[in-house]
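See below for the structure under consideration.
Because the structure is a prediction, the values reported are computed rather than measured.
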Amino acid sequence: MELRHLRYFVTVAETCHFGRAAEQLHVAQPALSHTIRQLEDELGVVLLARTTRQVRVTPAGEFFLAEARRVLAGLDVGVRGVRRIGEGKLGLLRVGFTGTAAFSHLPHLARALAQRVPQVELEIRADLLTAEQCERLRTGTLGIGVLRPPVTGDDIDFRVIESEPLILAVPADHRLAVEPVVAMADLRTEPLVTYDRRNSVVYEAVARSCREAGITPHQLHEASGTAVLLALVAGGLGVGVVPASARALPLAGVVFRDLAGAATVELALAWHRETPSPLVTTVLDALEDVFPSTAPSTEGT
């Protein structure tokens, strides 16, 4: 039994006429009749009762018609799905986010993809540093990363989507909280809560800003992420220098102030150069107008 047997039978059963069915199928009527006989012989049952005046579907034929329609419909769904996967319009996309990017950029990304490729399902991995995202892109456990350059390895492609200033987070009752803009030099005597220095692009940017300002801050506490860092600031354990997107994480007891003389950190969309799937390519294209490419800063990261 082949798929054409099912298609031929369904068409004849729905038209109850071999001639009209043959026209719809673009086959010769004798070939159509022969195919239906082959099907009945294989099943050992009469599906279509024929007379010189009419064709009638038998009870066995009614049952088989329903099953044949179900099989063909399932096949059509599968064919459409495979084609949409091949076009990059259907599938599961795993996206990694670094730090505060999940709060500042995930809503825009999710809304854009829901509008442009609604059959793409998202699986989000948050709080991943750049080095870990690059490794996951290589192993295929991430399709796209939202990370802070520089990337690790020559096989990771990326496009910068934002150059983000560093800002100051201080306790609400701190002396600097009343200043609209704070200079890096004003942190000379302040205890500083920093990010964990291992593989942290933001930590390196903060350290560079301190060196350029000619200060050596007192680093008393390290935090594994922005949420923990801000909680330590709220607890009065020091001040913190964080990306501007941290404003998306309001916390009682913490205020943010612009920071003059601080470096910037970049945010980028990244993917594995060797295995860009149709899904990744389609999503990157869909996000082009939402997160347009930005020229990398000259400060480095």
At what distance, to the nearest 0.5 angstrom, does OG1 of T226 lie from CG of L249?
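That separation rounds to 6.5 Å.
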Distance in Å, S163 OG paired with L267 CG, rounded so as to fall on 0.5 Å steps
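If we round to the nearest 0.5 Å, S163:OG and L267:CG are 10.0 Å apart.
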Pairing of [X] and [Y] as salt bridge, 4.0 angstrom limit:
{"X": "R70", "Y": "E67", "result": "yes"}
{"X": "D157", "Y": "R273", "result": "yes"}
{"X": "R69", "Y": "E14", "result": "yes"}
{"X": "R188", "Y": "E190", "result": "no"}

So among T282, D289, D285, which one has a side-chain hydrogen bond (donor to acceptor under 3.5 Å, both in side chains) with R116?
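When T282, D289, D285 are each tested with R116, the side-chain hydrogen bond (donor to acceptor under 3.5 Å, both in side chains) holds only for D289.
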Compare all side-chain heavy atoms of V283 with those of L113 and state whether any distance is below 4.5 angstrom.
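When only atoms from C-beta onward are counted, L113 and V283 do touch, with a gap below 4.5 Å.
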Side-chain polar contacts of residues 129-136 - donor-acceptor pairs under 3.5 angstrom, sequence neighbours left out - could you list them?
from, atom 1, to, atom 2, distance (Å)
T130, OG1, R148, N, 3.2
T130, OG1, R148, O, 2.7
E132, OE2, R136, NE, 3.3
E132, OE2, R136, NH2, 2.8
Q133, OE1, V146, N, 3.2
Q133, NE2, L128, O, 3.0
Q133, NE2, V146, O, 3.1

From the options T58, L47, V10, select the one residue that forms a side chain to side chain contact (heavy atoms under 4.5 Å, CB included) with F64.
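One option only clears the test, and that one is L47.
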Cut-off 3.5 Å, no hydrogens considered: what does the side-chain donor-acceptor table look like for residues 215-225, sequence neighbours left out?
from, atom 1, to, atom 2, distance (Å)
Q219, NE2, Y203, OH, 3.3
E222, OE2, R197, NE, 2.6
E222, OE2, R197, NH2, 2.8

Using the benzene-type ring in the case of Trp, are the ring centres of H105 and F291 under 6.0 Å apart?
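Yes, the ring of H105 comes within the 6.0 Å limit of the ring of F291, centre to centre.
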May I ask you to check whether E164 and T264 show a side-chain donor-acceptor distance below 3.5 Å?
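Side chains of E164 and T264: no pair found under 3.5 Å.
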Looking at residues at least two apart in the chain, or sitting in another chain, which of them share a salt bridge (Lys or Arg N to Asp or Glu O under 4.0 Å) with D258?
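Scan of D258 (salt bridge (Lys or Arg N to Asp or Glu O under 4.0 Å), adjacent residues dropped) gives R247.
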May I ask you to check whether over 12 heavy atoms, not counting those of R37, lie within 6.0 Å of atom CZ?
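At most 12 heavy atoms, drawn from other residues, nucleotides or ligands, come within 6.0 Å of this atom.
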